[in-house]
Amino acid sequence: MVGDLIRLKLTIQRHTRGWKRLLGLAAGVLAAAVTWAVVFVAEPAARADVLLLVLAFWTAGWVVGPVLTSGAAMLRPEYFTLLPLPARGLGAGLLASAFAGVGGSVTAIAFLALIPYALVTATDASAIASLVTALVGAVLLVVFVVALSRTVYALLGAAMRTHLGVELAAVQYGLLLSSMTAGWAVVRPVLNSIPTFLREGFGTVPARAALEWTPFGLPLRAVEEMASGRPLPALGSLALLAAATAVVTLTAIALLTPHVGERTARRRRRPLGSRALTRPRLLPASPLGAVTGKELRTWWRDPWRSLEVRSALWFGVFIAVYGAIAGVPEIAGLAGVAVALTVALSGANLYGQDGTALWQLVVAESRESVRADVRGRQLAITVLFGLTALACSAAMMAVTGIFAYAVPILAVLIALLGVGSGTAVVMSVLGATPGVDPHRRVNATDAGENTAGIFAAFQIQLWATAPTSAMAAMLAFAGDSLPSWFGAATLATALLNAGAGAWLGGTLATRWLAARLPETFARLR
């Protein structure tokens, strides 16, 4: 069975897009080459510290990577629910299949850098023993990180059925987005300290004492002990690593079994937003009001939609944190702008997130119903993300006291929300990508993969709001030299920009979907 699962995993990977496989292979080979290079580039006094930090990055990558990327190329336990397979055997086979592919191969190559480290560290008398220790440590560490990765992925999938799990996943996504956009605030001083770190390592920083007792630090500790002629402490370090590996391996096998219970935890009360929507005359008694209410309830109740909103909020929070780290409080004022910037990203696959629920629109197909569906989705995403963005900006401006930037920030927010809602519905119909149907979702990446659409939506939103952004930048940096009416003109431009983007995007999406509704439904099936 293990061989069949591995072949099935490789077959799935062969059917992924070629450029993704090549990109993953190139990135993996580069990372492995860097791991080997640090053994020879770092000074002898810092070599262990540098390699220890690199191994820590590899472990973190295996833990976070599968959570933040699509799980389409993974074998899911749910695929085998109806097969008469023993749970333990299926879990062991799925774990073994995780080693197959580019990820496991390049990780094994990278961890074999422990061998040259052992050779340059050991004396002639202990060279062979150090070499064997490094080889055993590398094998155990590969098994540990892969098993840990699958354990974390399965635990997060189980946690996605709870509010806490959604929040934890949202923090990771928010941290990733903020690091990609404002990570330079932290990366720049880190890059400047790399030459010093290669010479001195951690120095007097007590990080080494803590990291060397972690699973990724134990192989280095074992090699050092063996190279120094102390075989018992070396064997003890390997024994600790073997015990940790056994624990995570057994945990992964136990978790890699099909889940047949409820997909999400039952709510004990109705969400506050849903209760607010039931008040009289809050939404119009029309198809547009019905779609808007349905969408708002979906954004509040569906864990995968809620994940998008919470990720946007954490994105703004981490932007503010990076601004504080960099000593530039003005960046914190952009927290709300960051939230608004995710409108097009979060909504770039709305119909794909709903899955086969699109049949309801197909049954009642008419141009009016399609128009109400598209406009209702636009209105809901604008209201939900708009309120979040405004609240985030107001809070950050109150904390930092940068009220002088309120007008340009508000202008950019308005433009991003309007253009983002139009861009979202256009990309949702042009690039509707099927994922796991809502009632079968387990993990954070189950709502469908639309990488190209998300990237395109992000670029469209940026360039389409350029007129407002340009005027807002002039108002922020040259406000004193501009006429008094320039602020009002900036807000007027933002409203025009937002209205034009929302109207044009909604019109294009309505026409496209009305002409191709059955084909879109067939794609999502």
Side-chain angles (χ1 to χ4, degrees), residues 273-274 276-302 304-305 308-309 343-344 346-387 414 417-435 437-439 447-448 450 453 456-457 460-461 464 495-525:
S274 295
L277 288 176
T278 59
R279 294 176 180 175
R281 294 184 297 278
L282 186 61
L283 291 173
S286 64
L288 177 63
V291 174
T292 303
K294 181 266 295 184
E295 278 294 295
L296 287 173
R297 290 185 179 93
T298 303
W299 282 105
W300 281 316
R301 293 178 177 181
D302 182 8
W304 282 262
R305 290 279 195 100
E308 301 284 356
V309 181
V343 171
S346 300
N349 195 25
L350 288 173
Y351 289 101
Q353 289 176 338
D354 287 354
T356 53
L358 187 63
W359 72 268
Q360 299 173 88
L361 188 60
V362 176
V363 171
E365 180 180 1
S366 67
R367 182 169 292 275
E368 290 73 21
S369 63
V370 172
R371 182 184 299 110
D373 191 79
V374 171
R375 295 301 184 187
R377 290 175 185 269
Q378 283 186 272
L379 185 57
I381 197 173
T382 301
V383 169
L384 192 62
F385 282 80
L387 293 177
I414 293 173
L417 290 170
V419 173
S421 68
T423 304
V425 291
V426 169
M427 299 310 302
S428 293
V429 298
L430 291 179
T433 305
D437 225 31
H439 64 285
N450 192 18
I460 292 172
Q461 190 178 18
L495 289 171
L496 181 62
N497 199 170
W503 175 83
L504 180 60
T507 301
L508 292 176
T510 300
R511 292 179 178 178
W512 179 277
L513 190 61
R516 299 170 176 83
L517 186 56
E519 292 86 348
T520 304
F521 175 62
R523 182 191 307 173
L524 295 181
R525 290 187 65 189

J.: When you measure from the centre of the six-membered ring of F521, is the NZ or CZ of R516 closer than 6.0 Å and no more than 45° off the axis?
T.: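 No.
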J.: Please enumerate all residues that pass side-chain contact (heavy atoms from CB on, under 4.5 Å) together with L508, with sequence neighbours excluded.
T.: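 So L508 forms a side-chain contact (heavy atoms from CB on, under 4.5 Å) with V426, L504.
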J.: Distance check, rounded to the nearest 0.5 Å: Q360 atom CD versus D354 atom CG?
T.: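 With rounding to 0.5 Å, CD (Q360) is 9.0 Å from CG (D354).
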J.: Please identify each residue that fulfils side-chain contact (heavy atoms from CB on, under 4.5 Å) with L517, with sequence neighbours left out.
T.: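 With neighbours one apart ignored, the set is L358, L361, V362, E365, V370, L513.
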J.: What heavy-atom pair brings A498 and I414 nearest, and what distance separates the two atoms?
T.: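 Nearest heavy atoms, A498 then I414: CB-O, 3.2 Å.
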J.: Which atom names give the shortest non-hydrogen contact between G505 and V425, and what distance separates them?
T.: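 That closest heavy-atom pairing would be O-CG2, 3.8 Å.
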J.: Apply side-chain hydrogen bond (donor to acceptor under 3.5 Å, both in side chains) to Q461 and list each qualifying residue two or more places apart in sequence or on a separate chain.
T.: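 Once residues adjacent in sequence are excluded, Q461 has no partner under the side-chain hydrogen bond (donor to acceptor under 3.5 Å, both in side chains) criterion.
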J.: So, does E295 use its side chain to make a donor-acceptor pair with the main chain of T292 at under 3.5 Å?
T.: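 Pair absent, no side-chain N/O of E295 close to backbone of T292.
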J.: Less than 4.5 Å apart, any side-chain heavy atom of R305 and any of L350?
T.: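 Contact flag for R305/L350 side chains = yes.
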J.: Report the residues that fulfil side-chain contact (heavy atoms from CB on, under 4.5 Å) with A457, sequence neighbours left out, ordered by chain and then residue number.
T.: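 Checked A457 against side-chain contact (heavy atoms from CB on, under 4.5 Å); matches are A344, A348, T423, M427.
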J.: Name all residues meeting the ring-ring contact (aromatic ring centres under 6.0 Å, His included) criterion together with W299; count only those two or more places apart in sequence or in a different chain, and write none if there are none.
T.: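 So W299 forms a ring-ring contact (aromatic ring centres under 6.0 Å, His included) with F385.
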J.: Strictly distance-based, threshold 3.5 Å: is any side-chain N or O of Q378 a donor or acceptor partner for the main-chain N or O of A502?
T.: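 Checking the backbone N and O of A502 against the side chain of Q378, a donor-acceptor pair under 3.5 Å is found.
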J.: Using side-chain hydrogen bond (donor to acceptor under 3.5 Å, both in side chains) as the criterion, list what pairs up with S369, not counting sequence neighbours.
T.: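 For S369 the side-chain hydrogen bond (donor to acceptor under 3.5 Å, both in side chains) partners, ignoring immediate neighbours, are S366.
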J.: If you take all heavy atoms of Q353 and S346, which pair is closest and at what distance?
T.: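 Closest approach of Q353 to S346: NE2-O, 3.7 Å.
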J.: Can you run down the side chain to side chain donor-acceptor pair (under 3.5 Å) pairs that involve residues 496-513, sequence neighbours left out, and say none if there aren't any?
T.: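 Qualifying pairs, neighbours excluded: R375-T507, T468-N497.
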J.: Enter the distance from L384:CG to S421:OG here, rounded to the nearest 0.5 Å.
T.: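 L384 atom CG to S421 atom OG measures 13.0 Å (nearest 0.5 Å).
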J.: Taking all heavy atoms of A424 and all of V343, pick out the closest pair and write down the distance.
T.: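 Shortest heavy-atom contact: CB-O, 4.1 Å.
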J.: At their closest point, which heavy atom of G347 faces which heavy atom of I381, and how far apart are they?
T.: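 Heavy atoms of G347 and I381 come nearest at CA-CD1, 3.9 Å.
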